Amino acid sequence: AVVSTQSGHYGRGALSVPRPQPTMETKPRVNGSMLSDKIGQEIVAVGKVITNDGKSMKLELSDGSNVLVSFVDVMEAMPNSMVEVNARVNDARTLSGLALVVLSDDFDLKIYNEAVSFAARYDMFENKTAAA
């Protein structure tokens, strides 16, 4: 087999040294009850569009909380559509939107909320045991 070395030389039997891969910072997935703990942070939230004037939209998040998300660019999402929002938390009820993905209409917010709540409990448990 012909493989590459870190110096870029190719040859039979040369060792390949893996190069460091860029790491993607993950953003916490949250529901409305978690926003007050995430002020100033970037998050991912999923909800149903209540109203949208293009630059701001009111969302009902997976736990039933309502938030206002403001965007710099116009975001198209019809009322009652399901969306995933990447945003920075301003306070417990307002977000600065960074990106938006429209999800399928049959997206199950209840199951999603259960998964987000479960993951948050697991993270709290993991952080407490790591600190011990």
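Treat the numbers as computed from the prediction; the structure is a model and nothing was measured.
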K27 side-chain N/O to N86 backbone N/O, donor-acceptor pair under 3.5 Å: no
Approximate separation, where rounding is to 0.5 Å, of M34 CE and L61 CG: 10.5 Å
Inter-residue atom distance K48.NZ - M82.CE, 0.5 Å rounding: 6.0 Å
S62 OG to E114 CD distance, which is reported to the nearest 0.5 Å: 10.0 Å
Test item: R29 side-chain N/O and V116 main-chain N/O as donor-acceptor pair under 3.5 Å: no
Any L109 side-chain heavy atom under 4.5 Å of V46 side chain: yes
Nearest-0.5 Å distance, OG of residue S117 to CG of residue N31: 5.0 Å
Passing option when F71 is tested against L98, N52, V85 for side-chain contact (heavy atoms from CB on, under 4.5 Å): V85
Side-chain heavy atoms of P79 within contact of M57, under 4.5 Å: no
Nearest-0.5 Å distance that lies between atom CG in L100 and atom CG in D73: 11.5 Å
Residues D63 and N113: side-chain donor-acceptor under 3.5 angstrom: no
S96 and N90: side chain donor to acceptor below 3.5 Å: yes
Heavy-atom side-chain proximity of V83 to L103 below 4.5 angstrom: no
Heavy-atom side-chain contact between V44 and E84 under 4.5 Å: yes
Separation between CG of L35 and CD of Q41, rounded to the nearest 0.5 Å: 10.5 Å
Beyond-backbone contact of V49 with K58, side-chain heavy atoms, under 4.5 angstrom: no
S81 (side chain) donor-acceptor with M78 (main chain) under 3.5 angstrom: yes
Closest heavy-atom pair and its distance - K38, V89: O-CB, 3.4 Å
